Amino acid sequence: MKKNMIMPYRNIAIYCTVTLFLIFSACENNIVQEYESQLNVVAVLNSMNQVQHVLVERAYLVDEPSEPPIDDALVVLSGNGFIDTLIFTYESYRYWTEPFDLAPLATYELLVAREGFDTVTAVTTIPGYFVIQYPTYNTTITLQDTMVITRSADAALYGCLFLENVSNLSIFFWYEPNPLDSLIHIPIGEYLDSPPPGYYAITVVACDSNVYNYYFAADDSIRQCGVTGGVGLFGSTWAATSSAYLLVE
């Protein structure tokens, strides 16, 4: 799989939010009548953030006017010794956790309850720890080089972001690994299309199978990825970072 996107943003935190989750697009899925009374829950746990958030809406009929997200649900996140009842904020229209650290390969559970709807339960297992073996920090690379990363256990997909330090130009692409590979080799020139030379911050994000199935399933059916009792996505990611000086001949 090879999908490229070029996006200008201001800082790495915004990139990670946009490229990892794309969760704001969740409400764009076409909802058919059989889902009218169901909750639509979307959350992707992100190892680069200590505070996680959850979007809770209801599913809509096709062409039915949407309403603001639900603000009075009971939302509980638990796992790896952590349990928290999330707080809704009107600034973001999402439910937020207290600060905590995700653990690789830990399983987290989400419960969402609201009067008039079936209770949603959801499960995700965080992808495993991994490292970017090449390029190491501040290495000089060219488009003929190959990025090498160790495999993240339980990861179904990788998102790769190159952010140029001066211009803030970012180049993002998805990479689907061969499930038999213990080391993942990504030819840099095949994914960076005419990039300018410069110093790049590199972020690689391993995504669980729930994220993969939600965004890359072949059919157009409504997604229930990690979610039961409703529709939506409960996924997770683990990230590794590096940096390099890119020479373009």
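Values in this document were obtained by computation on a predicted structure and should not be read as measured data.
Closest approach of Ala43 to His53, counting heavy atoms only: CB-O, 3.6 Å. Between Cys160 and Ile186 the shortest heavy-atom distance is SG-CD1, 4.0 Å. When every heavy atom of Val54 is checked against every heavy atom of Leu86, the shortest pair comes out as CG2-CD2, 3.6 Å. Summarising the geometry of Ala103 relative to Asn80, their closest heavy-atom pair is CB-ND2, 3.3 Å, with the distance given to 0.1 Å. Taking each heavy atom of Thr146 and Tyr134 in turn, the nearest pair found is O-CD2, 3.2 Å.
Atom CD of Gln144 has more than 12 heavy atoms from other residues, nucleotides or ligands within 6.0 Å.
For Tyr199 (side chain) and Val166 (main-chain N/O), no donor-acceptor pair under 3.5 Å exists by modelled atom type. Listed for the Asp84 side chain is a donor-acceptor partner under 3.5 Å among the backbone atoms of Glu98. Not one N or O on the side chain of Thr203 forms a donor-acceptor pair closer than 3.5 Å with the backbone of Leu161. Tyr200 places no side-chain N or O within 3.5 Å of a backbone atom of Ser242 that could act as its donor or acceptor partner. With Asn49 contributing its side chain and Asn46 its backbone, the two residues share no donor-acceptor pair below 3.5 Å.
Here Ser243 contributes atom OG and Phe162 contributes atom CZ; the two are 11.0 Å apart, rounded to the nearest 0.5 Å. The distance from atom CG of Leu45 to atom CH2 of Trp238, rounded to the nearest 0.5 Å, is 11.5 Å. Note that CG of Leu143 is 5.5 Å distant from CG of Leu246, once rounded to the nearest 0.5 Å. We find the CG-CD1 distance between Leu77 and Ile83 to be 9.0 Å, quoted to the nearest 0.5 Å.
Grouped by direct or indirect side-chain proximity (heavy atoms under 4.5 Å, Ile/Leu/Val/Met/Phe/Trp/Tyr only), Trp96 sits with Val51.
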What do the steps show when you test Tyr95 against Asp71 for side-chain hydrogen bond (donor to acceptor under 3.5 Å, both in side chains), and what is the final call?
-> CA-CA 8 Å; Tyr95 295 82; Asp71 62 1; 5.6 Å; no

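Residues satisfying the side chain to side chain donor-acceptor pair (under 3.5 Å) criterion with Gln50, sequence neighbours excluded, are Asp101. A search for salt bridge (Lys or Arg N to Asp or Glu O under 4.0 Å) contacts involving Arg151 returns nothing, not counting sequence neighbours. In this structure Glu67 satisfies the salt bridge (Lys or Arg N to Asp or Glu O under 4.0 Å) test together with Arg58, sequence neighbours excluded. Qualifying salt bridge (Lys or Arg N to Asp or Glu O under 4.0 Å) partners for Asp72, counting only residues two or more places apart in sequence or in other chains: Arg114.
For the 3.5 Å distance criterion, the side chains of Tyr245 and Thr139 fail to qualify, holding no donor opposite an acceptor.
For the pair Thr237 and Val44, the minimum side-chain heavy-atom distance is below 4.5 Å.
Paired with Trp174 under the rule ring-ring contact (aromatic ring centres under 6.0 Å, His included), one option of Phe216, Tyr215, Tyr191 passes, and it is Phe216.
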Sequence neighbours left out, cut at 3.5 Å: what donor-acceptor pairs do the side chains of residues 123-130 make with other protein atoms?
unit_1	atom_1	unit_2	atom_2	d
Thr124	OG1	Asp208	OD2	2.6
Thr124	OG1	Ser236	OG	2.8
Thr125	OG1	Thr107	OG1	3.0

